[in-house]
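Read the structure below first, then the notes.
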Amino acid sequence: MIREIVKDKILLSQKSIEATPDDKDIGQDLLDTLNAHHEHCVGMAANMIGELKNIIVIADPGAPIIMYNPQIIKTTGTPYTALEGCLSHQGTKEALRYHKIKVAYLDHEFKKKIKTFSDYTAQIIQHEIDHCNGILI
Ligand SMILES: [Zn+2]
């Protein structure tokens, strides 16, 4: 189900909590909402649809990736400054990002995965994990 995008800074500033298999419906809604905004949105976190759960979706070329409880367990190299936009705010903001990250997460079936992502996909994941931590980018 496509949900409305939250722009409330107070809600977006709160830290999300761990997702459980009961939250798969939220994951699906997040995917549906991302698809509805695919022309100008490359990723979303659950708090952007009003759910304070650690769930993110990434519009990877091919198939979107859904991650429950993602955690960056390793970064490589020195960070760079990126200019990022977000559906939940107007304008762009600067953020420090790593070119390469290793992420531990649970996939759509709640199976544990560890994967390395680089460049643009890595940047989107870092942005969405910031959302889960209540950081406004
Ligand atoms: Zn955002």
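Starting from 1, each residue takes its place in the sequence as its number. All of these numbers come straight from a predicted model, not from anything done at the bench. Order of listing sets the numbers, starting from 1, for every ligand and every atom in it.
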So what's near the Zn ion (ligand 1), protein N, O or S atoms under 2.8 Å?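 The answer is Cys86 SG, His127 NE2, His131 NE2.
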
Using the rule that Ile, Leu, Val, Met, Phe, Trp and Tyr join whenever any side-chain heavy atoms are under 4.5 Å apart, tell me whether Ile66 and Ile49 fall into a single cluster.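 As far as the 4.5 Å side-chain criterion goes, Ile49 and Ile66 are connected within one cluster.
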
Could you identify which residues cluster with Ile2, counting Ile, Leu, Val, Met, Phe, Trp and Tyr as linked when any side-chain heavy atoms lie under 4.5 Å apart, either directly or through a chain of such contacts?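 None, because no other hydrophobic side chain comes under 4.5 Å of this residue.
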
So, Glu51 and Lys53, do they make that salt bridge, N to O below 4.0 Å?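 The answer is no: the pair does not qualify as a salt bridge.
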
Salt-bridge present (Asp130, Lys93; N to O < 4.0 Å):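 No.
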
Would you say the ring centers of Tyr105 and Tyr68 fall short of 6.0 Å from each other?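 Ring centres of Tyr68 and Tyr105 not closer than 6.0 Å.
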
Do you know which two heavy atoms are closest between Ile73 and Val103, and how far apart they sit?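 Closest pair (atom of Ile73, atom of Val103, distance): CG1-N, 4.4 Å.
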
